[in-house]
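One structure below.
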2 protein chains.
Amino acid sequence: MLSKKTKYGLKALTFIARSTSSEPVQVGEIAKGEQIPQKFLESILLALRKAGILGSKKGKHGGYYLRKDPSEILMTEVMRVLEGPIAMVPCVSLNFYEKCDDCPDEAACSVHKLMIQVRDSTLEVFKNTTLKDLSDR
Amino acid sequence: MLSKKTKYGLKALTFIARSTSSEPVQVGEIAKGEQIPQKFLESILLALRKAGILGSKKGKHGGYYLRKDPSEILMTEVMRVLEGPIAMVPCVSLNFYEKCDDCPDEAACSVHKLMIQVRDSTLEVFKNTTLKDLSDR
DNA sequence: GCATTTCCTATTAAATTGGTAGGATTAGTA
DNA sequence: TACTAATCCTACCAATTTAATAGGAAATGC
């Protein structure tokens with residue numbers, strides 16, 4: 001299940017990408033426009049900034065802005081920041097690999113093989129979708 | 001993240017599919033062979049039985065058996081029983097559809113479009129994988 | 001120097017997950 | 001018929017995660 005955090009994060013990024021103003025977009029605006037609890041949204045945007053996807057400016061006329069063109073922001077990157085690993089099990093994760101404690105032999109594990117296929121097909125979608133695709137109507 | 005329930009369930013089904021005996025497979029055997037807490041496994045197999053994937057026999061020499069040939073048991077069916085909806089958001093779920101409370105217009109929602117693609121690509125994998133594929137080594 | 005905004009830490013309530021406990025029910029067998 | 005071995009069923013519990021809230025520190029612009 002997609003977390004609210006991710007859902008809110010994607011909506012916020014789309015909102016920012018659609019902004020025509022030259023000034024940064026403020027959390028309050030996004031929260032109001034997308035019906036997201038403001039304080040919760042703050043923490044999400046902060047995470048996106050720490051990951052290098054967003055930039056920010058403090059104080060009056062401050063806010064958040066994209067660090068790259070929407071067409072260069074891949075869903076792989078965004079989803080990993082917001083939702084974490086794309087794989088459904090750590091033992092098939094490319095970026096967050098961890099061995100299962102229970103599985104003696106990964107190559108022989110039936111779940112393993114299936115989850116690799118799911119990972120690859122999901123990855124294919126995220127790799128071919130950018131923020132621009134989301135924000136174009 | 002894949003739940004332990006699903007992981008255990010898949011391993012148990014594979015175990016049963018690989019059994020050569022003509023007698024049903026007992027929970028205790030599976031629990032021991034796959035390192036799964038027995039009581040937890042009981043509840044999982046019960047769910048699979050109620051969904052019609054497994055059959056059971058009580059008493060001495062009782063246990064669980066497959067209701068269909070492994071090659072006819074699709075992952076779509078199994079995953080829906082164990083993990084629930086395949087879609088990451090209820091508003092794109094084919095079998096468990098629910099409207100989002102926050103989204104005024106589904107067609108315009110940027111998250112919606114992305115999640116439909118993820119659902120379809122995952123579905124494609126599950127639709128083309130059977131229990132036989134998991135249990136073949 | 002004051003208002004406005006992001007930034008940071010801590011706390012909390014609710015839901016979910018993973019597992020346990022205990023016994024009822026059913027089927028085979030001596 | 002009594003006993004044993006298995007599934008079946010209900011309830012409960014602990015740990016974790018999620019979704020949020022609270023309160024203020026730090027920076028910026030006027």
Side-chain angles (χ1 to χ4, degrees), chain A residues 1-12 16 21-32 34-67 82-85 88-90 100-102, chain B residues 1-12 16 19 21-32 34-67 82-85 88-90 96 100-102:
Chain A
M1 187 62 81
L2 198 74
S3 65
K4 293 256 182 182
K5 179 182 173 186
T6 303
K7 194 175 181 187
Y8 291 162
L10 289 172
K11 288 194 170 194
I16 296 172
S21 156
S22 62
E23 302 233 306
V25 185
Q26 295 183 353
V27 176
E29 279 181 70
I30 307 172
K32 206 176 164 193
E34 299 288 342
Q35 311 264 57
I36 303 172
Q38 177 154 348
K39 276 293 193 176
F40 191 22
L41 182 56
E42 267 185 33
S43 68
I44 297 168
L45 297 182
L46 216 47
L48 288 166
R49 197 218 59 189
K50 284 182 178 166
I53 295 171
L54 290 177
S56 67
K57 200 180 146 191
K58 285 185 182 178
K60 201 159 194 172
H61 304 125
Y64 288 93
Y65 53 90
L66 300 173
R67 299 279 302 269
L82 294 173
E83 191 73 6
M88 295 184 82
V89 279
C100 319
D101 38 356
D102 43 351
Chain B
M1 187 62 85
L2 199 73
S3 66
K4 293 255 180 183
K5 179 182 174 185
T6 303
K7 195 175 180 186
Y8 292 161
L10 289 172
K11 288 195 169 191
I16 296 172
S19 162
S21 157
S22 62
E23 300 235 307
V25 185
Q26 295 182 356
V27 177
E29 279 181 70
I30 307 172
K32 205 175 163 193
E34 298 287 343
Q35 311 263 57
I36 303 171
Q38 177 154 348
K39 276 292 192 176
F40 191 22
L41 183 56
E42 267 185 34
S43 69
I44 297 168
L45 297 182
L46 214 47
L48 288 166
R49 198 219 57 188
K50 283 181 179 170
I53 295 171
L54 290 177
S56 67
K57 199 180 149 192
K58 285 186 181 178
K60 201 159 194 171
H61 304 124
Y64 289 92
Y65 53 90
L66 301 173
R67 298 278 302 268
L82 293 173
E83 191 75 5
M88 296 183 81
V89 278
F96 302 83
C100 318
D101 36 357
D102 44 350

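A quick note: this is a predicted structure, and the numbers were derived from the prediction, not measured. Below, read A as the first sequence line, B as the second, and so on, with proteins coming before strands; counting in each chain starts at 1.
As judged by a 4.0 angstrom heavy-atom cut-off over every strand, G63(B) is placed among residues touching the sugar-phosphate backbone only.
With V27(B) as the partner, the side-chain contact (heavy atoms from CB on, under 4.5 Å) test is satisfied by one option alone out of I44(B), L46(B), I36(B), L41(B): L41(B).
Atom CD in Q26(B) sits about 7 Å away from atom C1' in dA6(D), given to the nearest Å. The interatomic distance linking E23(B) (CD) with dA5(D) (C1') rounds to 13 Å, in whole Å.
Each of G28(B) and G59(A) lies near DNA chain D, and the nucleotide nearest G28(B) is the one positioned closer to the 5' end. Nearer the 5' end of DNA chain D, as judged by each residue's closest nucleotide, is the contact made by K58(A), out of H61(A) and K58(A).
Across every non-hydrogen atom of G9(B) and L48(B), the tightest pair is O-CD1, 4.4 Å. Taking every heavy atom of both residues into account, P90(B) and M1(A) meet most closely at CD-SD, 4.0 Å. Minimum interatomic distance between C100(B) and K7(A) (heavy atoms only, all atoms of both residues): SG-NZ, 3.7 Å. Minimum heavy-atom separation, G52(A) to R67(A): O-CG, 3.4 Å. Residue G63(B) comes nearest to P24(B) through the heavy atom pair C-CB, 3.5 Å, listed as atom of the first residue, atom of the second, then distance. Contact record, Y65(A) with I16(A): CA-CG2, 4.2 Å, taken as the closest heavy-atom pair.
Here the range on DNA chain C touched by chain A, meaning any atom under 4.0 Å from one of its heavy atoms, is dT4(C) to dC8(C).
Taking CD of Q26(A) as the start and CD1 of I30(A) as the end, the distance is 9.0 Å to the nearest 0.5 Å. One finds the CG atom of L10(A) at 11.0 Å from the CD atom of E34(A) (value rounded to the nearest 0.5 Å).
Side-chain contact between E29(B) and S19(B) is absent, with no heavy-atom pair separated by less than 4.5 Å. Considering only heavy atoms from C-beta on, P37(A) comes within 4.5 Å of Y8(A) through its side chain.
For the pair K60(A) and dA27(D), the criterion of a side-chain N or O lying under 4.0 Å from OP1 or OP2 is not met. One finds no side-chain N or O of R49(B) lying less than 4.0 angstrom from the OP1 or OP2 phosphate oxygen of dT7(D).
Axis angle, first five pairs versus last five pairs of the helix from dG1(C)-dC30(D) to dA30(C)-dT1(D): 10°, rounded to 10°.
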Using a cut-off of 4.0 Å between protein heavy atoms and nucleotide atoms, how would you tag nucleotides 10-25 of chain D 5' to 3' with B, S and -?
---------SSB-BB-
